[in-house]
Trainee: 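After the structure tokens below, expect a handful of questions from me.
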Amino acid sequence: MVRRRLQAVSVLLVTIGLVVLSTWHPAASAPRRTLVVAAFGGTWEEAMNRAVVKSFQRKHNADVVVTLPGNSATILAKLRAERNNPTMDLALIGGGLETVAAREGLFQKLNFNNIPNIKNIYDAAKSPVAGYGPSVAFSGVKLAYNTRRVSPAPTSWEVLWDPKYKGKVGFPNPDNNGGLMLIFLFAKLNGGSVENADPAFRKIATLKVNNPIFWTSSPAAQDMFVQEALWVSAMFDGRVAALIQDGSPVAMVCPTEGCFVTHTYANVVTGSKNKDLAEAFINEYLSVEAQAIFAQAAGYGPVNKLTRLPRKIAELVIYGEDDIKKLISLPWDQINQFRDAWVDRWNREILSR
Amino acid sequence: MSNVIPRGWPTGRPDRLLRLAARALRRLANAVLFRSRASTLIQLSPGLLILVALFALPLLFLAWVSLWRHSPNSFGPTPLTLENYRRFLFDGFFLRSILRTLQLGIVTTLVTLALGYPLALIMARSTARVRGFLLVLVLTPLMVSVVVRVFGWMVILGDTGLINKALLALGLIDQPLRIMNTMAAVVIGLAQVEFAFMVLPIFSALLGVGRSLEEAAATLGASPWRVFRHVVLPLSLPGVAAGSALVFSLSVSAFVQPQLLGGSSFFVMTTLMYQQITATLNWPFGAAIGFIILGTALLTLILLGVAMRKISPRRAGHAT
């Protein structure tokens, strides 16, 4: 009986010991905070880790958890789903969805005193809705072409209609933001507007005789360039930069009719308990050093005016005031009103066989 | 029971309590399983609760969203409307996408059935070692992410891909075959992975067919073909039905393969739904398309069930 009681006591003591051990924190260290950042996978995440996350964690005694819901649309979906109880503190979002999210109250206005680097960014990188998060990277949509197959080097979007390249020309669908941009451009060039896109659809329909490849997924289009299923197409510049760096015979040009600049904005999620930390993260992202590392690693243009890039990188990304001025910025607010109509019309008039 | 309690457990009391609890549980289980029908619900309630919370509630929410009116400038409940369903169901373009979806489901089912039945038969008739090996082979494609697998197919099926290069090198063709961006590419991409879902149910149904039945038929003078046609095949039909139902539902709800292998003009319901969610941000319409997919698939499965009951000589479930 005595032995049994001893055993019982020892079991109890061990249990208490374990409980205490598992809940005890060394009192000396200040609590480490955690910042949850929604971003994009692949090259973007790797570059962001190298350029921003590492130095931020060191400086602010915080852990950064990067979550990857997918693209801007899936990040918006997650923001909407978590509206009342967000798990993310900071979200990267672009392609016109930043205004949708800001309008729906999914983002909160920033205290720019916590983001001193904002005074060094280009005007083009400021939020389209006043008070919200800035763009952290420029990306462009330009005309990409295979240098061995397409000569002379094209200077106009009209090259897509050139019968010499029949079957090898590509065109992004409006499911991809590149497609929306081109509809906008061809509407403008042919006397139309966002409200009246008829001229664009008429013009693009004439491309069908050249047997184009209409694509949606940028990685798939990139792959088609490697396999030479595509010789010439509008492409995001980061994708082209990756192709060039991998040694593919590809180059890009901003055609005389114009090409585009788009942004990825960093915003603090409404209801985040780490607003100050998120603002510090944005500040770190905008810093000269982070912008330079990010541009080199990811192929996106720096938004900080003071960033200096080596010549090899500077040629591949959107860089400098002159470069930015040449590019068309899109009236996303207006275009968002017509996404549904354009996609529907595109399905019927351009894609249906 | 007392063997379960480790020796040296403090005092005899927990031991006794445990025994009491076990007895009570056993009585409850007996009552539920064998006697009372009302208490079946009690038994099922934990599972039901999980189903309701994780399955029914999100589905109900989506059904509600599908009745909202879309606006590009706001997202939230509006006065309810059937407009989204009307838009899809009264439009030739969208109706053609339903037909193409069904076509994709049926073709993929037939292809996996034609390839899967012989394999299931071989597996059911081989030794345990061969069977295990074949089983691993059938399941391997499931272990690779669907996107990675599809990108692999893009490399193989492309104009300058493995197949076309090989055929060109052999001089069998002088123009690359167009495989990518056709229904064939999508069916190949789907069939590869859904093969397992066809083979396994048929295999398990065939295992249930005793060799003695075949021997009896053969003794009575039936040729191998007649043994198969009149004994084995009818008894394996429940497996065929289960496999077909699985492959069909997976095919009509597949998204990655049609999107990446079918090309931009290959409109099936899932790709149209995805477009509404990610490109136009018209979630209500996307949700409505989701329910139309669900309805289409359920309707087809019910028809399949009715047809199977007509063909099958015995009630389904008996042979397995």
Side-chain angles (χ1 to χ4, degrees), chain A residues 1 3-12 70-74 76-77 80 83 96-97 99-101 103-104 106 167 171-177 179-180 212-217 219-220 223-224 226-229 333 335-344 346-348 350-353, chain B residues 6-14 58 61 65 70-76 87 91-94 96-97 147 150-152 154-162 164-165 176 178 180-181 256 259-267 271-272 274-286:
Chain A
M1 207 56 208
R3 234 186 78 199
R4 278 202 173 172
R5 205 160 287 166
L6 257 177
Q7 276 175 337
V9 169
S10 59
V11 165
L12 192 72
N71 53 24
S72 288
T74 40
L76 175 68
R80 281 175 170 177
R83 170 177 269 283
L97 303 190
T99 55
V100 174
R103 249 259 185 79
E104 289 179 15
L106 298 169
F171 206 101
N173 293 314
D175 307 46
N176 183 299
N177 279 330
L180 293 176
I213 297 173
F214 290 106
W215 54 267
T216 297
S217 146
D223 190 53
M224 284 190 275
V226 174
Q227 296 208 28
E228 300 206 337
D333 233 14
I335 291 176
N336 283 341
Q337 311 296 315
F338 291 91
R339 275 175 190 266
D340 200 357
W342 286 5
V343 167
D344 196 56
W346 188 272
N347 286 348
R348 290 158 201 269
I350 307 293
L351 294 179
S352 280
R353 292 186 186 125
Chain B
R7 219 176 269 167
W9 187 268
T11 78
R13 241 185 111 182
F61 175 73
V65 173
H70 169 63
S71 151
N73 298 315
S74 65
F75 177 75
R87 179 176 166 194
D91 182 320
F93 173 77
F94 290 126
R96 274 197 299 282
S97 81
V147 178
V150 164
F151 267 83
M154 288 167 75
V155 173
I156 294 171
L157 302 175
D159 283 2
T160 55
L162 204 65
N164 272 316
K165 267 192 183 151
R178 227 328 134 64
M180 269 299 292
N181 300 341
V256 178
Q259 177 84 356
L260 292 176
L261 298 172
S264 298
S265 308
F266 192 80
F267 294 112
T271 54
L272 287 169
Y274 180 79
Q275 203 174 44
Q276 294 305 323
I277 304 296
T278 62
T280 69
L281 300 184
N282 188 341
W283 286 17
F285 190 43

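Hydrogens, waters and symmetry mates play no part in the numbers below; they use all other heavy atoms, side chains included. Letters go in sequence order (proteins before strands), and every chain restarts at 1.
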Trainee: Can you tell which part of B/Phe267 gets under 4.5 Å to a heavy atom of chain A, answering side chain, backbone, both or neither?
Mentor: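 Answer is side chain: those atoms of B/Phe267 sit under 4.5 Å from chain A.
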Trainee: Among A/Ser217, A/Ala77, A/Pro174, which residue has the highest count of heavy-atom pairs closer than 4.5 Å to chain B?
Mentor: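 Going by pairs under 4.5 Å, I would pick A/Ala77.
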Trainee: Could you check whether any side-chain heavy atom of B/Leu281 comes within less than 4.5 Å of a side-chain heavy atom of A/Asp340, counting everything from C-beta outward?
Mentor: no
Trainee: Please classify the contact between A/Arg83 and chain B as side chain, backbone, both or neither, with a heavy-atom cut-off of under 4.5 Å.
Mentor: neither
Trainee: Would A/Arg339 count as a cation-pi partner of B/Phe285, with NZ or CZ less than 6.0 Å from the six-membered ring centre and within 45° of the ring normal?
Mentor: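 So A/Arg339 doesn't make the cation-pi contact.
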Trainee: Report which part of A/Asp175 has an atom under 4.5 Å of a heavy atom belonging to chain B: side chain, backbone, both, or neither.
Mentor: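 Its backbone and side chain both get close to chain B.
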Trainee: Got a donor-acceptor contact below 3.5 angstrom from the B/Thr278 side chain to the A/Ala73 backbone?
Mentor: no
Trainee: So which part of B/Asn282 gets closer than 4.5 Å to some heavy atom of chain A, the side chain, the backbone, both or neither?
Mentor: side chain
Trainee: Test B/Ser264 against every option in A/Ile350, A/Ile213, A/Asn173 by the side-chain contact (heavy atoms from CB on, under 4.5 Å) rule and name the one that passes.
Mentor: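 Exactly one candidate clears the test, A/Asn173.
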Trainee: Ignoring hydrogens and geometry, is there a side-chain-to-backbone donor-acceptor pair from B/Thr160 to A/Gln227 under 3.5 Å?
Mentor: yes
Trainee: Checking B/Phe61 against chain A: side chain, backbone, both or neither under 4.5 Å from a heavy atom?
Mentor: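 No part of B/Phe61 comes within 4.5 Å of chain A.
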Trainee: Of the listed residues (B/Gly76, B/Ser71, B/Gly161, B/Ala279), which shares the most heavy-atom pairs with chain A below a 4.5 Å separation?
Mentor: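 That would be B/Ala279.
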Trainee: Does the side chain of B/Gln275 come under 3.5 Å of the side chain of A/Asn347 through a donor N or O and an acceptor N or O?
Mentor: yes
